[in-house]
Amino acid sequence: MKETILITAANGTVGSETVKLLAGTDFRVRAGVHSLIKGERFRPLPNVELVHLDLHNPELLKVALTGVTKVLLITPFSQDQAALGKLFIQAAQAAGVRHLVRLSASGADAEPGIQLGREHREVEISLQDSGIPYTILRPAGFMQNFLLNAETVCNHNSLYLPIGHGKISYIDARDIAAVAVAVLTQAGHENQIYELTGPEAIGINDVAHALTVATNRVITYVDVPENTAATAMLQHHVPEWMVNQLLELYGVYKAGYAERVTDAVEKITGRPPRNIANFAQDYQNHFQPV
Ligand SMILES: NC(=O)c1ccc[n+]([C@@H]2O[C@H](COP(=O)([O-])OP(=O)(O)OC[C@H]3O[C@@H](n4cnc5c(N)ncnc54)[C@H](OP(=O)(O)O)[C@@H]3O)[C@@H](O)[C@H]2O)c1
């Protein structure tokens, strides 16, 4: 019988790409979706079934994990993501999961690090202590985060961020999904931690340049002060705890702590990771004014 792989947060950036790549492989894919309506897009895919999954709800966890041998555990960027991750690991243990791949974050083991990293490390430790064979993926910042800047790129030809001249080894989420698929479907990745990055460390000026080329409009990076960024996020109803965690993260970027580049994507998938020009080209329609 085919093994079943559960993907949590399957409607999200990494989860949705992973479901698409796994469809058509020799595995049965269970897409754990928080919103069933959004998950409908997966219905036409071969070997994919939908399950309603709210990580707060132990009953739904039990149902979603029935008959599952492998999992990609993704938790939303929420205030309680450490608690949600740990609750899920307990449920996976009870269900007899044989391999759990965890989407963590770069810098999770930094000391003292930042709040977001510490929360990810808490989940990593709980997984490592659980006895479930695991693989931990620690990706750098996602290129897809720039989709959140699409509105100002479209309306003002500007990318506003408080990152100074910091360089970041941004990774395309599609490459994280490709790694997740390799790790879930091939042997030899148990009890490993992989630091995943794009091919180079780039500044936001480089991102603006890639968007300029892809959209054929001049896009400019505007380095804004932290408090201006905080005010704008609050005005856009970003909750205060999230604003604080993002500012901490931007501080790490600005200070140059997110520059490290690894060759893990190529080693694991056999293909070099996409660069920012590839990302800008593939997503350019998001950055074009309507
Ligand atoms: N963005 C980055 O640069 C970055 C870098 C490193 C690590 N990470 C980590 O990546 C993870 C997020 O992954 P992502 O960006 O792929 O996700 P995402 O696009 O932010 O999507 C999160 C998904 O979580 C689902 N969700 C919300 N509440 C839920 C709940 N109570 N139970 C179950 N699912 C719920 C939502 O589902 P519906 O759409 O169905 O409502 C949503 O699609 C976080 O742990 C973050 O720390 C992010």
Side-chain angles (χ1 to χ4, degrees), residues 6-21 30-42 50-61 63-65 71-88 91 101-110 113-124 127 136-149 161 163 168-180 193-198 202 204 207 238-239 241-242 245-246 248-250 252-253 257-258 260 276 279:
L6 171 67
I7 314 295
T8 75
N11 280 325
T13 311
V14 176
S16 59
E17 295 296 336
T18 308
V19 170
K20 283 190 252 168
L21 288 178
R30 190 170 295 167
V33 293
H34 182 237
S35 154
L36 276 168
I37 291 177
K38 278 198 217 165
E40 281 300 315
R41 66 197 156 139
F42 297 130
L50 283 188
V51 68
H52 182 213
L53 186 55
D54 183 333
L55 292 167
H56 291 108
N57 184 327
E59 282 310 308
L60 293 181
L61 292 184
V63 172
L65 280 161
V71 174
L72 173 60
L73 172 58
I74 304 173
T75 45
F77 179 25
S78 62
Q79 211 169 2
D80 60 352
Q81 74 163 322
L84 293 182
K86 290 193 288 185
L87 186 67
F88 184 93
V101 179
R102 166 64 179 159
L103 184 70
S104 183
S106 171
D109 59 343
I114 59 175
Q115 182 64 19
L116 187 54
R118 285 190 292 273
E119 286 175 11
H120 274 298
R121 185 65 194 135
E122 214 178 308
V123 181
E124 289 183 357
L127 178 57
I136 291 169
L137 309 180
R138 287 187 187 149
F142 302 173
M143 292 180 186
Q144 278 73 5
N145 294 347
F146 292 105
L147 296 172
L148 297 172
N149 301 88
L161 278 166
I163 299 182
I168 302 106
S169 53
Y170 281 113
I171 182 166
D172 191 309
R174 294 171 294 179
D175 291 322
I176 305 172
V179 168
I193 299 179
Y194 295 127
E195 303 280 345
L196 306 177
T197 74
I202 52 175
I204 309 302
V207 179
V238 178
W241 67 266
M242 195 181 273
Q245 289 202 12
L246 287 172
E248 243 195 328
L249 182 66
Y250 294 146
V252 165
Y253 287 173
Y257 293 129
R260 184 176 160 218
I276 195 68
F279 166 81

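Every number for a ligand or one of its atoms is a count from 1 in the order of the listing.
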Output all residues satisfying side-chain hydrogen bond (donor to acceptor under 3.5 Å, both in side chains) with E17, sequence neighbours left out; order by chain, then residue number.
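With neighbours one apart ignored, the set is K20.
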Could you work out, with side-chain hydrogen bond (donor to acceptor under 3.5 Å, both in side chains) as the rule, every residue matching E122, not counting sequence neighbours?
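Once residues adjacent in sequence are excluded, the partners of E122 under the side-chain hydrogen bond (donor to acceptor under 3.5 Å, both in side chains) criterion are K86.
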Can you name the salt bridge (Lys or Arg N to Asp or Glu O under 4.0 Å) partners of R121, sequence neighbours left out?
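Per chain and number, R121 pairs via salt bridge (Lys or Arg N to Asp or Glu O under 4.0 Å) with E124.
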Would you please write out the protein residues whose heavy atoms approach any atom of ligand 1 to under 4.0 angstrom, listed by chain and number?
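Contacts of ligand 1 under 4.0 Å: A9, N11, G12, T13, V14, H34, S35, K38, L53, D54, L55, H56, I74, T75, P76, Q81, L103, S104, A105, H120, P139, A140, G141, F142, N145.
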Worked check of side-chain contact (heavy atoms from CB on, under 4.5 Å) between F88 and V123:
CA-CA 10 Å; F88 184 93; V123 181; over 6 Å; no
Assess the residue pair V207 and L161 against the criterion (side-chain contact (heavy atoms from CB on, under 4.5 Å)); give the C-alpha distance rounded to whole Å, side-chain angles, the decisive distance to 0.1 Å, and a yes or no.
CA-CA 11 Å; V207 179; L161 278 166; over 6 Å; no
Could you tell me if the side chain of V71 sits less than 4.5 Å from the side chain of L65, heavy atoms only?
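When only atoms from C-beta onward are counted, V71 and L65 do touch, with a gap below 4.5 Å.
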